[in-house]
Engineer: 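First the structure, then my questions, so here it is.
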Amino acid sequence: MRSDFRGAPANPFPSARRVAHGLGLFSIALGALELLAPRGLSRWLGLRSDPRVVQAYGAREVATGLAILGRSQDPAPFVWARVAGDALDLATLAAVAGGSRARGRLGFAVAAVIGVTVIDALCAQSLSSRQPHRGPVRGPGGRRG
């Protein structure tokens with residue numbers, strides 16, 4: 001991919017590994033909040049949800065964050081797992097939106113998840129596009145072998 005601007009990097013997301021590391025740390029921090037204060041978080045969002053559900057989401061966040069940090073050479077699959085988790089979070093927030101007593105804060109949470117989802121998806125795509133091609137090995141003249 002060529003850049004149209006002088007001095008701009010050819011890859012629009014050149015520090016994908018660094019971003020993945022930050023996303024791993026963010027996952028652990030958010031997951032810790034969900035694990036340690038599920039009632040407070042639900043109350044702040046105006047939700048009447050079972051704290052065990054919030055804690056389960058927290059466990060998922062911590063596990064994903066640790067996996068990203070533990071796979072510094074190839075964090076792409078776990079960043080894609082964050083994208084899937086974001087979709088689950090958005091679906092959950094949409095399902096409970098009607099019963100929220102704090103629509104403004106819930107709207108903020110939805111906007112934040114959408115923003116993080118974009119970052120997750122861009123990072124995952126960038127990491128995935130850097131993976132070596134694993135197709136058949138071709139010899140001289142394009143022959144397999």
Side-chain angles (χ1 to χ4, degrees), residues 1-138 142 144:
M1 176 175 179
R2 273 193 70 194
S3 172
D4 293 334
F5 301 102
R6 289 178 188 242
N11 183 346
F13 215 46
S15 57
R17 281 211 172 107
R18 215 170 334 157
V19 172
H21 183 82
L23 290 171
L25 294 173
F26 175 74
S27 282
I28 293 168
L30 177 59
L33 174 66
E34 292 171 326
L35 283 168
L36 300 174
R39 285 186 178 91
L41 182 60
S42 294
R43 198 171 27 249
W44 186 80
L45 291 170
L47 304 176
R48 294 182 195 126
S49 61
D50 185 342
R52 293 174 294 187
V53 172
V54 177
Q55 287 178 318
Y57 283 28
R60 181 202 73 215
E61 286 286 353
V62 169
T64 305
L66 290 172
I68 290 169
L69 296 179
R71 292 284 305 259
S72 60
Q73 293 303 324
D74 183 19
F78 301 105
V79 178
W80 281 117
R82 277 193 48 79
V83 174
D86 294 340
L88 179 62
D89 293 343
L90 287 169
T92 302
L93 290 171
V96 299
S100 176
R101 296 164 287 169
R103 290 180 192 256
R105 285 183 242 158
L106 186 64
F108 172 78
V110 168
V113 173
I114 290 171
V116 170
T117 303
V118 169
I119 295 168
D120 288 342
L122 288 172
C123 182
Q125 180 62 44
S126 181
L127 289 167
S128 295
S129 68
R130 293 174 183 213
Q131 298 303 315
H133 180 66
R134 293 187 175 111
V137 177
R138 302 203 183 260
R144 290 183 187 187

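Starting from 1, each residue takes its place in the sequence as its number.
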Engineer: Quick one: are I68 and H21 in side-chain contact, heavy atoms under 4.5 Å?
Structural biologist: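 Answer no - side chains too far apart.
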
Engineer: Which atoms form the tightest heavy-atom contact between G58 and L35, and what is the distance?
Structural biologist: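 Closest pair (atom of G58, atom of L35, distance): C-CG, 4.0 Å.
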
Engineer: List the atom of W80, the atom of A121, and the distance in Å for their closest heavy-atom pair.
Structural biologist: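 Taking every non-hydrogen atom into account, CH2-O, 4.3 Å.
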
Engineer: Please tabulate, one pair per line, all N/O donor-acceptor pairs under 3.5 Å involving side-chain atoms of residues 38-45, not counting sequence neighbours.
Structural biologist:
unit_1, atom_1, unit_2, atom_2, d
S42, OG, P38, O, 3.0
S42, OG, S49, OG, 3.0

Engineer: Applying side-chain contact (heavy atoms from CB on, under 4.5 Å) to R52 and Y57, what does each step give before you reach the verdict?
Structural biologist: CA-CA 9 Å; R52 293 174 294 187; Y57 283 28; over 6 Å; no

Engineer: So, does E61 use its side chain to make a donor-acceptor pair with the main chain of I28 at under 3.5 Å?
Structural biologist: no

Engineer: Taking all atoms of both residues into account, what is the closest heavy-atom pair of P75 and R17, and its distance?
Structural biologist: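 Residues P75 and R17, closest heavy atoms: CD-NE, 4.4 Å.
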
Engineer: Could you grab the distance from atom CG of D89 to atom CG of L30, nearest 0.5 Å is fine?
Structural biologist: 7.5 Å

Engineer: Less than 4.5 Å apart, any side-chain heavy atom of R82 and any of I119?
Structural biologist: no

Engineer: Is a side-chain donor or acceptor of S129 paired with a backbone partner of S126 at a separation under 3.5 angstrom?
Structural biologist: yes

Engineer: What's the shortest heavy-atom distance between A32 and V62, and which atoms?
Structural biologist: N-CG2, 3.8 Å

Engineer: Once salt bridge (charged side-chain N to carboxylate O under 4.0 Å, His left out) is applied, do any residues pair with D86, and if so which ones, sequence neighbours excluded?
Structural biologist: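 In terms of salt bridge (charged side-chain N to carboxylate O under 4.0 Å, His left out), with neighbours along the sequence ignored, D86 is linked to no residue.
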
Engineer: Does any pair with a residue in residues 106-116 pass side chain to side chain donor-acceptor pair (under 3.5 Å), and if so which ones, sequence neighbours excluded?
Structural biologist: none

